[in-house]
Amino acid sequence: MKFTDLNPKREIGAHSLLVELGEFRLLVDGGMSPKDMGRAALPDYTRIRPNSIDLILVTHCHLDHIGSLPCIHRDQPSARVLITPSSKEILPVMLQNSHTVMLRQRDEHGVEDYPLFSRSEVDAVVDDLFPMHYGRAREFLKNNDRLRITFYPAGHVLGAASVLIEHRGKKYFFTGDILFRRQHTLIGAQIPSMQVDVLVMETTRGTAEHAEGFSYEGELEELFSLIGTTLRSGGSCLLPVFALGRMQEMVTLVHEARRQHLLPKSFPIYCSGLGLAIVDVFDKIYRSSRHHGVGFCAENPITIAGMRQDLKNPLAPLKEPNFHRRVLQSLKVRPLPFNRLCPGRDFREPSLFITSSGMLVENTPAYQVASCLLPHGRNLVAFTGFCDEDTPGGDLLTKQRGDTFTFASLKFSTTIGADVRRFDVSGHADREDLVNLAYQMQPSTIILSHGDLDARDWFLSALSKATPAAKIYNPEPQEIYQL
Ligand SMILES: [Zn+2]
Ligand SMILES: [Zn+2]
């Protein structure tokens, strides 16, 4: 196997891996960095010859995994794009929205490269999508060489897949973004027990350390208790979330919290455009049982600490996502009132905002809402997912009440008055769970990907103890590794 990480930086950014196995050349994902602009946000595709890729494997539809697919597909029109049926529905919504955002950013920031692809190039990708159902292996042939590929549920977000590639008696496993814990809207990862030769793993949460006595349920309880207190005392709350997955999960959790009287009976809830568009896709998938069926459950799944709960009470296969539009109707969710957003001006009525981006990227709805809420002491801004330190959200999390925070693109600076918190209810696996996965899969080679440098450092050290026989790579961008 030859392996090249095409992400130009050792961080989460623009995820894309080039994998060469015998006659086959594959790409795993074609992402775009959420914090860079123009061509700098792309993986480095420059050394890939036109029409040289056979298959593109899509693990899931966050933009750091699919954002540059139309760009690479333009040069690789004969590549087949493998994707789960749910992701197949979500992908066009994400990419068309990305195109719209790029057009806006071209005008607002003068980024001449934008848009990096056209609407018709998104359509061309959609035309070449090849559905892969969970747990059903597909064989591919080329010049007498043979490859077997199987997708497994990876938790994380609807449609997310971990990928097993079998070639000439060897097994190569790519975790993709993975979560073992069950969410309210989705079952956790279902990875059958198996020994593999090469494990390529995400490392997002390598620096996330749990405090003594931490529990996911405890964290949620504290989050909703704080939201309830804030609303009751006349403040508003912002939950910056990723539009795909986190937003629908949080809306469902708010619904549940209100049913359990953890939150006031009635208060306005606002969500933003892309998250609402994805609600429609989720609802369609939920209703289309013929097409998508029920969730796949591995017969003998690898057991990880976070899954224990599931295994004690084996679940009947779950219709996925466990989410439908009725939740929004019951909560009377409203679209964000953009005309009322003015930096520094607080909301008169205590409200809850569940909007993207999860990392408060500039000029996103969450960024604009934060500029209204942040100066005022009665408000709450609560982060619930991964936040890159180079984004406005990451910057805000390093500051304290009373510090100054600048919303650069709004030309607005303020003293931080609101309570800014981080709650550890991430959609990514805990680092210990991933080490446990590596321990159980006994790979002879482990490749680290999708994580910041210090996160990878933690994995290098933890894996060298847990899997001492394995050779561990922290690949340099663009360097070709012969394994
Ligand atoms: Zn993701
Ligand atoms: Zn990702």
Side-chain angles (χ1 to χ4, degrees), residues 5-17 27-36 41-43 56-69 83-84 86-87 90-91 93-95 97-98 151-163 174-181 183 185-186 188-189 200-208 240-250 274-275 278 281-282 320-321 356-359 361 383-391 393-394 425-431 433-434 447-453 455-456 459 477:
D5 193 337
L6 303 179
N7 187 350
K9 298 177 201 159
R10 275 199 272 201
E11 58 181 24
I12 289 176
H15 187 68
S16 187
L17 311 171
L27 280 184
V28 177
D29 290 331
M32 184 188 276
S33 167
K35 61 180 189 186
D36 293 310
L42 294 176
I56 301 174
L57 281 49
V58 176
T59 62
H60 67 289
C61 286
H62 279 145
L63 283 183
D64 57 322
H65 297 258
I66 62 161
S68 63
L69 278 183
I83 191 165
T84 62
S86 294
S87 289
I90 299 165
L91 178 137
V93 180
M94 296 296 287
L95 289 179
N97 180 76
S98 169
F151 279 26
Y152 293 103
H156 186 57
V157 292
L158 181 62
S162 295
V163 178
F174 297 76
T175 62
D177 289 5
I178 190 167
L179 179 66
F180 298 97
R181 170 173 44 76
Q183 302 180 66
T185 51
L186 210 59
V200 183
M201 63 197 288
E202 70 134 314
T203 56
T204 309
R205 283 165 54 74
T207 54
V241 289
F242 296 107
L244 166 59
R246 277 285 89 186
M247 183 260 185
Q248 297 78 17
E249 175 80 4
M250 275 299 149
L274 177 60
I278 292 168
V281 182
F282 273 36
E320 286 195 334
S356 55
S357 92
M359 303 194 280
V361 169
F383 292 88
T384 60
F386 175 77
C387 220
D388 189 293
E389 58 185 21
D390 294 333
T391 58
V425 289
S426 165
H428 290 268
D430 285 342
R431 57 189 189 174
D433 291 352
L434 281 162
I447 301 173
L448 306 180
S449 73
H450 199 278
D452 292 336
L453 268 183
R456 294 174 192 228
F459 274 99

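Throughout, numbering of the chain's residues begins at 1 and tracks the sequence. Whatever order the structure lists ligands and atoms in, that order sets their numbers, starting from 1.
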Would you call the rings of His60 and His65 parallel, tilted or perpendicular, taking 30° and 60° as the class edges? tilted
Of all the N, O or S atoms in His156, the one nearest to the Zn ion (ligand 1) is NE2
With no hydrogens and no angle check, do the side chains of His450 and Thr203 hold a donor and an acceptor under 3.5 Å apart? no
Residues at least two apart in sequence or cross-chain that pass side-chain hydrogen bond (donor to acceptor under 3.5 Å, both in side chains) with Glu249, listed by chain then number, are Thr185
Note on the Zn ion (ligand 2): protein N/O/S atoms within less than 2.8 Å are Asp64 OD2, His65 NE2, Asp177 OD2, His450 NE2
Is a salt bridge present between Asp452 and Arg10, judged by a nitrogen-to-oxygen distance below 4.0 Å?
-> no
With no hydrogens and no angle check, just 3.5 Å: does a side-chain donor-acceptor pair link Thr59 and Asp29?
yes
**Prompt:** Do the rings of His156 and His428 sit parallel, tilted or perpendicular, given the 30° and 60° boundaries?
**Reply:** tilted
